[in-house]
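Atoms within a ligand are numbered from 1 in the order they appear, just like the ligands themselves.
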Amino acid sequence: MSYIQKNLFFFSLRKRGLAMAVNPMCDHNRLFIDGIDAVELAKRYGTPLYVYSEDEMIAKMREYTSAVRAYAGDGQVVYASKAYLNMRMARLVAEEGLWMDVASGGELHIALAGGFPAENVVFHGNNKTVEELDMAVRAGVGRIVVDSLDEILMLEAVAKARKRVQAVVLRVTPGIDPHTHEYLTTGEIDSKFGIALHEDRGIQAAYQISLCPHLDFKGIHCHIGSQIFEVDPFVMAADIMMEFISALWRTTGIAVEELNLGGGLGVSYTDEEEIPVSDYIRVMSQEVQAKASEFGLRVPRMFVEPGRSIVAQAGVTLYTVGMVKELPGGELVVSVDGGMSDNPRPMLYGAKYQALLCDGQKGRALCRVRIVGKHCEEGDTLIKEICLPEPRTGDILAVLVTGAYHYSMSSNYNGALRPAVVHVRDGRAYLVVERQTLADLVRGQRATLDDESDGYAKAAGGQS
Ligand code: LLP
C-alpha cells in the first residue's frame with residue numbers, strides 16, 4: 001500500500017464514522033477508539049475484546065430519530081436488539097427514547113434486566129413458546145408481532161388467562177427479493193417468517209385477530225431482509241404493504257394504525273456504498289404518504305427496526321496475534337486468539353472485513369497476510385487476504401465494523417470463553433460484560449449419573 005493509499009484508507013475509516021483516530025503521518029500508527037488507545041484496552045481487559053464507542057451508537061440512534069421526526073412525524077424507531085444486546089445497551093436505547101425489538105424470551109429478559117420499559121418492547125419470533133408469550137403478556141410488552149395462525153389462537157388463550165388485552169401487529173411477507181445474501185432474505189413468500197399476502201391469507205389472519213377479544217389489532221409488519229444497499233426494495237415493500245392496508249380496509253373494515261417496515265439498511269464493512277439513513281427513511285415515508293392519499297386512507301404511524309446500522313460501525317474486536325506461519329507459496333498465515341467463536345460471519349455469509357495493527361509496526365514492510373482464528377476448523381478464517389505491516393506475535397490486531405451480530409452470535413465452540421465487552425464514553429472505558437471464565441464452561445454440568453443428576457425413571461414403579 002502506498003503512502004497515499006494508506007492515507008486514503010485511514011481517511012475512509014474516519015469518514016465512515018468509526019470514531020477512530022489513526023495518525024497517518026508516520027508509520028508507527030496507533031489506533032484510538034474515542035481517544036482511548038486500543039493497545040491499552042487490550043492490556044487492561046485482555047483479548048479477544050469487543051470495544052464499542054457509545055458516542056457512535058448514540059449518534060446513529062439520533063440520526064434515525066431525527067430522520068423519522070422529519071419525514072414520518074409520529075413515527076417510531078425500534079432498535080433490533082438481536083444485533084447487539086446486554087444490560088448496558090438496553091439502558092442506552094431506553095435513554096435515547098427508542099423502542100426495542102426482542103426476538104425471544106431471553107432477549108426480553110436481558111432488556112428488562114437493563115431497565116428497559118416493557119411498554120416499548122416489540123416482541124418477535126416465528127415460534128414463540130406459550131411460556132414466552134405468557135412472559136411477554138405478564139411483563140406488559142408494547143406489541144407482540146404475531147407470525148402465524150396458530151400463534152393468534154395461542155396468544156388469545158394466554159392473554160385471556162392473564163385477563164389482559166394484548167396489542168398485536170401481524171407479520172406478513174410482501175414477496176420481495178432485496179438482493180442480499182440468501183440467509184439474510186426474509187420477505188419472500190417462501191420465508192419461514194410471517195404470513196404470505198397470497199390468496200388473501202393476510203386478510204384472513206387480520207380478520208381472525210379482530211375476532212379475538214383479548215387481542216388488540218394495531219397494524220402490520222414486514223422485514224424484507226438485512227444488509228440491503230438499494231432503496232427500491234424498501235419502497236416496493238412500503239408500496240405492497242399500503243396496497244394490503246387498503247385491501248384490508250375495503251374488504252373487512254379493519255383499519256391499520258401502525259405500519260412497521262422492519263430493518264435491513266446495509267452497512268459498509270469494506271467499501272460498499274451506503275444509503276444515508278435520512279434518504280432511506282424519506283423514500284419509505286414518502287411512499288407511504290403517497291399511497292395513503294391515493295387510496296384515501298389515514299397515514300399509518302410508521303415504525304422502522306434498524307439493528308446493524310446502529311451498532312455495526314461502533315464496534316471493533318481486538319485480538320492478540322499468536323503464531324505466524326509462512327506457507328510454501330510464501331503466504332503468511334497469522335493466527336489470532338479468537339475466530340469463528342467471536343465472529344462466525346465470514347463462515348456463515350462470506351463476510352469481508354478490514355483490519356489494522358494497532359501498534360508496533362514501525363519500520364516493518366507491508367505484506368499480504370491471511371488472518372485465521374484458533375479453532376479446529378480449516379474454514380476458521382477471519383480475513384482471507386489483507387495487506388498489513390508484517391504482523392508479529394504479541395501485536396494487537398483490530399478487526400473493524402464488528403459491532404453487529406458478533407457478540408450476539410458468539411459461542412463457546414472449542415471451549416472458547418465469550419469475550420469481554422467494553423464501552424467507551426466521553427474518553428473513558430467501562431467494562432459492561434465480563435469475560436467468561438473457565439468455571440462458566442462447566443456451570444450446570446455433572447460428571448456422574450447419581451440421583452442428584454435427576455435420574456428420570458422410565459415408568460411409574462420403574463428403576464429408582
Ligand atoms: N427486524 C426484524 C424482524 C429482523 O428479523 C431483523 C434482523 C431486523 C429488524 C434488523 O435488521 P438489520 O437492521 O440489523 O439488518 N446474523 C445476520 C443478520 C440477521 C438479521 C436478522 N434479522 C448477520 O450477521 O448479518
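- Here the side chain of Ser191 pairs a donor or acceptor atom with the backbone of Phe193 at under 3.5 angstrom.
- At a heavy-atom distance under 4.0 Å, no atom of Val145 approaches ligand 1.
- No more than 12 heavy atoms of other residues, nucleotides or ligands lie within 6.0 Å of CZ in Arg91, so this atom counts as exposed by the packing criterion.
- Heavy-atom contacts of Asp101 reach the following atoms of ligand 1: 1 (N), 2 (C), 9 (C) (cutoff under 4.0 Å).
- At a heavy-atom distance under 4.0 Å, atoms from both the backbone and the side chain of Ser226 approach ligand 1.
- Residue-level proximity to ligand 1 for His223 is carried by the side chain, the only part with a heavy atom below 4.0 angstrom.
- In this structure, the ring of His223 has its center no less than 6.0 angstrom from the ring center of His124.
- Legend: ring pair (Phe, Tyr, Trp, His ring centres under 6.0 Å) pairs involving residues 125-159, not counting sequence neighbours: none detected.
- Just one residue in the list Glu199, Gln204, His198 forms a side-chain hydrogen bond (donor to acceptor under 3.5 Å, both in side chains) with Arg201, and that residue is Glu199.
- The shortest N or O to N or O distance between Gly264 and ligand 1 is under 3.5 Å.
- Judged by the shortest distance from any of its heavy atoms, Ala83 lies outside the 4.0 Å radius around the atoms of ligand 1.
- Of the listed options Gly307, Ser81, Gly125, Gly307 places a heavy atom closest to atom 13 (O) of ligand 1.
- On a distance-only criterion, Tyr405 and ligand 1 share at least one N/O pair closer than 3.5 Å.
- The option with the heavy atom closest to atom 23 (C) of ligand 1, from among Tyr349, Phe303, Tyr79, is Tyr349.
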Output side-chain donor-acceptor pairs under 3.5 Å for residues 109-116, partner residues at least two apart or in another chain, one line each.
none

**Request:** Evaluate the criterion side chain to side chain donor-acceptor pair (under 3.5 Å) for residue pair Gln436 and Asn412; output intermediate values, then yes/no.
**Result:** CA-CA 10 Å; Gln436 282 189 324; Asn412 290 122; 2.7 Å; yes
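- No donor-acceptor pair closer than 3.5 Å links the side chain of Lys291 to the backbone N or O of Val288.
- Heavy-atom contacts of Pro306 reach the following atoms of ligand 1: 13 (O) (cutoff under 4.0 Å).
- When only interatomic distances are considered, the shortest N/O to N/O separation between Lys82 and ligand 1 falls below 3.5 Å.
- Contact annotation: for Arg171 versus ligand 1, heavy atoms closer than 4.0 Å belong to the side chain alone.
- In this structure, Met409 has a heavy atom closer than 4.0 Å to ligand 1.
- Taking the six-membered ring for Trp, His406 and Tyr50 have ring centres at least 6.0 Å apart.
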